[in-house]
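Only heavy atoms go into these numbers, but all of them, side chains included; no hydrogens, no water, no symmetry mates.
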Amino acid sequence: MGGPAPPTGTLAPVTTFVRGSRRAIAPRLPRLLLGLVLCGVGISLMVASGLGLAPWDVLHQGISNRTGIAIGTVGIGVGLVVLLCWLPLKEPYGLGTVLNVAIIGATIDLILPHLPDHPGGVEAWLFLLVGTFLLGPAGALYIGVGLGAGPRDGLMTSLAARGFTLWKVRTVMEVSVLAAGFALGGSVGVGTVIFAVTIGPNVHFFLERLSLEPLAARLPNVIEVE
């Protein structure tokens, strides 16, 4: 499912599979799950607001509108397709990568039916602002545990590692999926702009505070400090 891409500031997560013992992974798992669920909640609120979505979610909603498949399920399917693109790139993945594909989409399909279809002005803006905000701590939680990037972020960093400029790769990906989603009828609006402007600083702020830096010091390939 769509979600916060890692900020390109001080902390830059690297898609590295954590080869740790169960004892090492277990304390981080609740934080990972909480982050993914919060991400699903945030996206659900943005969808319900009807005021615009993040680029990948515009694509998911567009496909959902054309096929009748629930948007969360579409996100899971798109995530699996993106993971297939990792194979020729030989990009390593982690537990967080796999759970990212499944949990965010499942959370959206679970929550969205219980939210109003067409909320009023104030309620719609409240949904949008709360949903956009939640993507900051959500992204920081699941990125900061170092258990593997999401499928879209991993594809982006993998291509960048092969000589492409990171911001160019991200821009091409985001603009392409946004255009495709818009053509399919996905929701593009003020929420799309708010997401684009706030997601970097939002995730960065919480990543500095929620990232497991002691873990990163022991496993330096998980989180890279530039």
Side-chain angles (χ1 to χ4, degrees), residues 1-15 28 31-32 34-49 51-60 75 96 100 104 107-108 124-161 164-178 181 186-216 222-226:
M1 197 68 194
T8 55
T10 304
L11 292 176
V14 179
T15 52
R28 291 174 276 153
R31 295 168 67 96
L32 171 66
L34 177 60
L36 296 175
V37 169
L38 282 178
C39 191
V41 173
I43 293 171
S44 297
L45 289 170
M46 291 183 68
V47 173
S49 76
L51 295 175
L53 299 170
W56 283 96
D57 296 316
V58 174
L59 175 63
H60 301 155
N100 179 291
I104 296 178
T107 301
I108 293 170
W125 274 98
L126 183 63
F127 281 7
L128 173 63
L129 296 177
V130 172
T132 306
F133 169 78
L134 284 178
L135 295 180
L141 282 168
Y142 82 71
I143 293 170
V145 295
L147 290 175
R152 298 149 188 85
D153 296 337
L155 179 61
M156 176 182 66
T157 55
S158 179
L159 290 172
F164 298 97
T165 306
L166 181 62
W167 72 266
K168 290 181 180 178
V169 172
R170 178 174 176 179
T171 299
V172 169
M173 288 176 60
E174 298 290 310
V175 171
S176 298
V177 298
L178 179 63
S187 177
V188 177
V190 64
T192 310
V193 177
I194 291 175
F195 171 87
V197 171
T198 64
I199 188 60
N202 193 6
V203 175
H204 185 88
F205 175 85
F206 284 101
L207 188 59
E208 288 187 325
R209 289 156 178 80
L210 298 178
S211 177
L212 297 180
E213 290 190 10
L215 171 67
V222 176
I223 299 179
E224 177 187 18
V225 182
E226 297 181 337

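Using a 4.5 Å heavy-atom cutoff, the side chains of Asn100 and Asp153 are not in contact. Ile199 has its side chain within reach of Leu135: a pair of non-hydrogen atoms, C-beta onward, lies under 4.5 Å apart.
Without hydrogens or angle criteria, Ser158 side chain to Leu155 main chain gives no donor-acceptor distance under 3.5 Å. A donor-acceptor distance shorter than 3.5 angstrom exists from the side chain of Thr192 to the backbone of Leu53, with no hydrogens or angles considered.
The two residues Arg31 and Val145 have their closest heavy-atom pair at CB-CG1, 3.6 Å. Heavy atoms only, all atoms of each residue included: Asn202 and Thr132 are closest at ND2-O, 3.3 Å. Between Val169 and Met156 the shortest heavy-atom distance is CG1-O, 3.8 Å. In terms of heavy-atom proximity, Leu178 sits nearest to Val188 at CD1-CG2, 3.8 Å. Closest approach of Ala138 and Cys39 over heavy atoms only: CB-N, 3.5 Å. Nearest heavy atom pair, residue Ser211 against residue Gly144, reads OG-O, 3.7 Å.
Here the CD1-NE2 distance, from Ile108 to His60, works out to 8.5 Å after rounding to the nearest 0.5 Å. Taking CZ of Phe195 as the start and CD1 of Ile43 as the end, the distance is 8.0 Å to the nearest 0.5 Å. We find the CZ-CG distance between Phe206 and Leu134 to be 9.0 Å, quoted to the nearest 0.5 Å. Separation of atoms CG (Leu159) and CZ (Arg170) is listed at 14.0 Å; rounding is to 0.5 Å.
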Check: Could you walk me through whether Leu147 and Arg28 pass the side-chain contact (heavy atoms from CB on, under 4.5 Å) check?
Finding: CA-CA 8 Å; Leu147 290 175; Arg28 291 174 276 153; 3.2 Å; yes
Next item on the list: Would you check, one step at a time, whether the test side-chain contact (heavy atoms from CB on, under 4.5 Å) holds for Glu174 with Trp56?
Entry: CA-CA 7 Å; Glu174 298 290 310; Trp56 283 96; 3.3 Å; yes
Margin query: For a side-chain contact (heavy atoms from CB on, under 4.5 Å) check, start with the C-alpha distance between Thr107 and Val41, then their side-chain angles and the critical distance, and finish with the verdict.
Written below: CA-CA 7 Å; Thr107 301; Val41 173; 4.2 Å; yes
Margin query: side-chain contact (heavy atoms from CB on, under 4.5 Å), that's the test. Do Ile194 and Leu51 meet it? Break it down for me.
Written below: CA-CA 10 Å; Ile194 291 175; Leu51 295 175; over 6 Å; no
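Remark: Phe205 engages no residue in a ring-ring contact (aromatic ring centres under 6.0 Å, His included) (not counting sequence neighbours).
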